[in-house]
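See structure below.
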Amino acid sequence: MKKVHHGGNVEATAKRLGILQDQLLDFSANINPLGYPTSLKSVLVSALDRLPQYPDPTYAALRSAIAQHFAINATQVLVSNGGAQMLDEVIRALPTNEAVVLAPTFGEYEHYFQRQQIPVHHFYLKAENNFELDMVALLNYLLAHPAINTLCLTNPNNPSGSLIDQKALEALTAFCNQHDRYLILDEAFIDLAVPAVPSFITALQSNDHVVVVQSVTKFYAIPGLRLGYAVTKNPAMYRSIMAQQNPWSVNTLADVFGQLMYQQTTFNQATRHWVETTAPQLLAALATIPQLRVFNSHTNFILFQAPVTNLKERLLEHRIMIRQCDDYEGLDATFYRVAVKDQAANQQLVACLRQVCEEVERQ
């Protein structure tokens with residue numbers, strides 16, 4: 001397993017460069033550039049007075065707010081201190097013999113499985129197919145590997161931005177139900193999908209061997225607050241995950257934020273307008289740089305391949321941070337991922353990328 005690195009370490013990078021943090025343009029972390037909903041700032045400030053009290057250990061109001069958003073029962077919702085913790089708890093809860101993850105995909109899945117001493121297989125996606133998942137091939141792979149009884153998929157996938165359509169997910173769910181397999185579906189970026197698609201939560205049934213995990217971090221720009229949740233309509237799976245949860249894992253501020261986040265209509269609409277307008281524009285602009293091989297993305301980040309392995313360092317000379325993807329299984333040091341930011345920042349990124357690529361070509 002490759003060592004997992006994460007984007008967004010602005011503090012350490014600025015310190016290394018000897019500059020202020022706000023002098024860096026961070027394209028390495030896929031966070032909503034609109035920031036968090038400022039309409040909730042006063043509510044969060046008021047909640048500080050509740051810090052001497054323990055949060056409700058059942059998080060009834062928070063779970064009810066999430067359930068209402070999806071028109072489901074609150075007894076089907078679990079909450080946690082971020083999507084990463086939720087994924088860890090789910091993986092610990094399932095009776096997994098062997099697991100399979102995509103390659104490339106978010107590296108923490110494999111880390112969580114291996115921490116439980118669970119063998120992990122890789123189902124490789126192909127660059128020539130835009131890293132899109134061939135569901136028929138995956139189902140055939142599972143039939144050929146009966147020891148694998150847990151799958152962990154991301155939709156949209158990270159770092160490729162490829163999207164699995166609902167019919168394919170329904171076929172996979174039916175397979176899992178029939179063959180006693182479990183599906184963990186990470187939807188950390190589903191609310192930022194382009195075009196908009198519904199969460200698979202809306203399709204779940206009580207007999208499905210599926211748990212859907214969501215992170216609030218990306219859409220609502222709160223990586224420092226931490227809030228994630230999971231939904232399963234399968235009572236046995238719900239009980240198993242609940243047994244893995246620690247008490248008071250969601251802090252008071254995150255609890256209050258989560259109760260109100262889906263009511264922030266103006267912010268939610270503004271975010272959808274931003275991603276639906278800006279993501280395709282950046283994708284098209286990157287595709288005009290002839291030295292880059294750009295992969296189609298359906299969310300707020302874009303994967304591309306460049307002719308050099310030191311592009312990250314060369315862009316730091318322009319005070320721009322991007323994510324090098326050599327720690328992803330199936331990718332090497334020529335692959336990079338960039339987040340979608342505001343138009344001015346995106347234009348600066350494209351201009352600097354073009355300049356650096358032309359410089360490399362002349363060398």
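Just so you know, these numbers come straight off a predicted model, no measurement behind them.
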Using distance alone, with no hydrogens and no angle criterion, decide if [X] and [Y] have a side-chain donor and acceptor under 3.5 Å apart.
X    : Y    : result
Q348 : H318 : no
S162 : E132 : no
T105 : N157 : yes
N158 : R337 : yes
R354 : T288 : yes

Does [Y] offer a backbone N or O that forms a donor-acceptor pair with the side chain of [X] under 3.5 Å?
X    : Y    : result
E187 : F200 : yes
Q76  : N73  : yes
N97  : N149 : no
Q245 : V79  : yes
K341 : D26  : yes
S80  : G82  : yes
T299 : F301 : no
R181 : I148 : yes
H298 : G161 : no

Start with the C-alpha distance between L153 and L172, add both sets of side-chain angles, then the distance that settles side-chain contact (heavy atoms from CB on, under 4.5 Å), and finish with yes or no. CA-CA 11 Å; L153 306 182; L172 179 57; 3.5 Å; yes
Which heavy-atom pair separates [X] from [Y] by the least distance, and what is that distance?
X    : Y    : result
Y336 : C325 : C-SG, 3.8 Å
S39  : Q264 : OG-OE1, 2.6 Å
T217 : R226 : OG1-NH1, 3.4 Å

Answer whether the closest heavy-atom distance between the side chains of [X] and [Y] falls below 4.5 Å.
X    : Y    : result
V212 : V210 : yes
W274 : V340 : yes
P37  : L260 : no
L303 : L331 : yes
V100 : Y141 : yes
D326 : D332 : no
D342 : T278 : no
P159 : R323 : no

Just do the side-chain contact (heavy atoms from CB on, under 4.5 Å) check on T38 and F267 with the steps written out, would you? CA-CA 9 Å; T38 55; F267 176 87; over 6 Å; no
Check step by step if ring pair (Phe, Tyr, Trp, His ring centres under 6.0 Å) holds for Y36 and F257. CA-CA 10 Å; Y36 72 94; F257 184 96; 7.1 Å; no
Transitive ILVMFWY cluster of L163, excluding itself - 4.5 Å side-chain cut-off: I190, V197
Quick check for you: to the nearest 0.5 Å, what is the distance between Q324 atom CD and F335 atom CZ?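 Atom-to-atom, Q324:CD and F335:CZ are 11.5 Å apart.
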Heavy-atom count around [X] [atom1] within 6.0 Å, excluding the residue itself: above 12?
X    : atom1 : value
E359 : CD    : yes
Q117 : CD    : no
K312 : NZ    : no

Linked, directly or transitively: [X] and [Y] (ILVMFWY side chains, under 4.5 Å):
X    : Y    : result
Y109 : Y124 : no
V136 : F123 : no
L40  : L48  : yes
L51  : L62  : yes
I302 : I31  : no

Can you list the steps and then say if L353 with L311 is a side-chain contact (heavy atoms from CB on, under 4.5 Å)? CA-CA 9 Å; L353 272 172; L311 183 61; 3.8 Å; yes
Checking L192 against K218 for the side-chain contact (heavy atoms from CB on, under 4.5 Å) test, could you report, in this order, the C-alpha distance in whole Å, the side-chain angles of both residues, the deciding distance, and whether it holds? CA-CA 8 Å; L192 292 164; K218 312 303 188 298; 4.0 Å; yes
D208 and side-chain hydrogen bond (donor to acceptor under 3.5 Å, both in side chains): which partner among N177, T173, N234? N177
Suppose we call two aromatic rings close when their centres sit under 6.0 Å apart. Are F295 and F131 close by that rule? yes
Should the pair H209 and Y182 be assigned to parallel (<30°), tilted (30 to 60°) or perpendicular (>60°) ring geometry?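 Because their plane-to-plane angle is under 30°, the rings of H209 and Y182 count as parallel.
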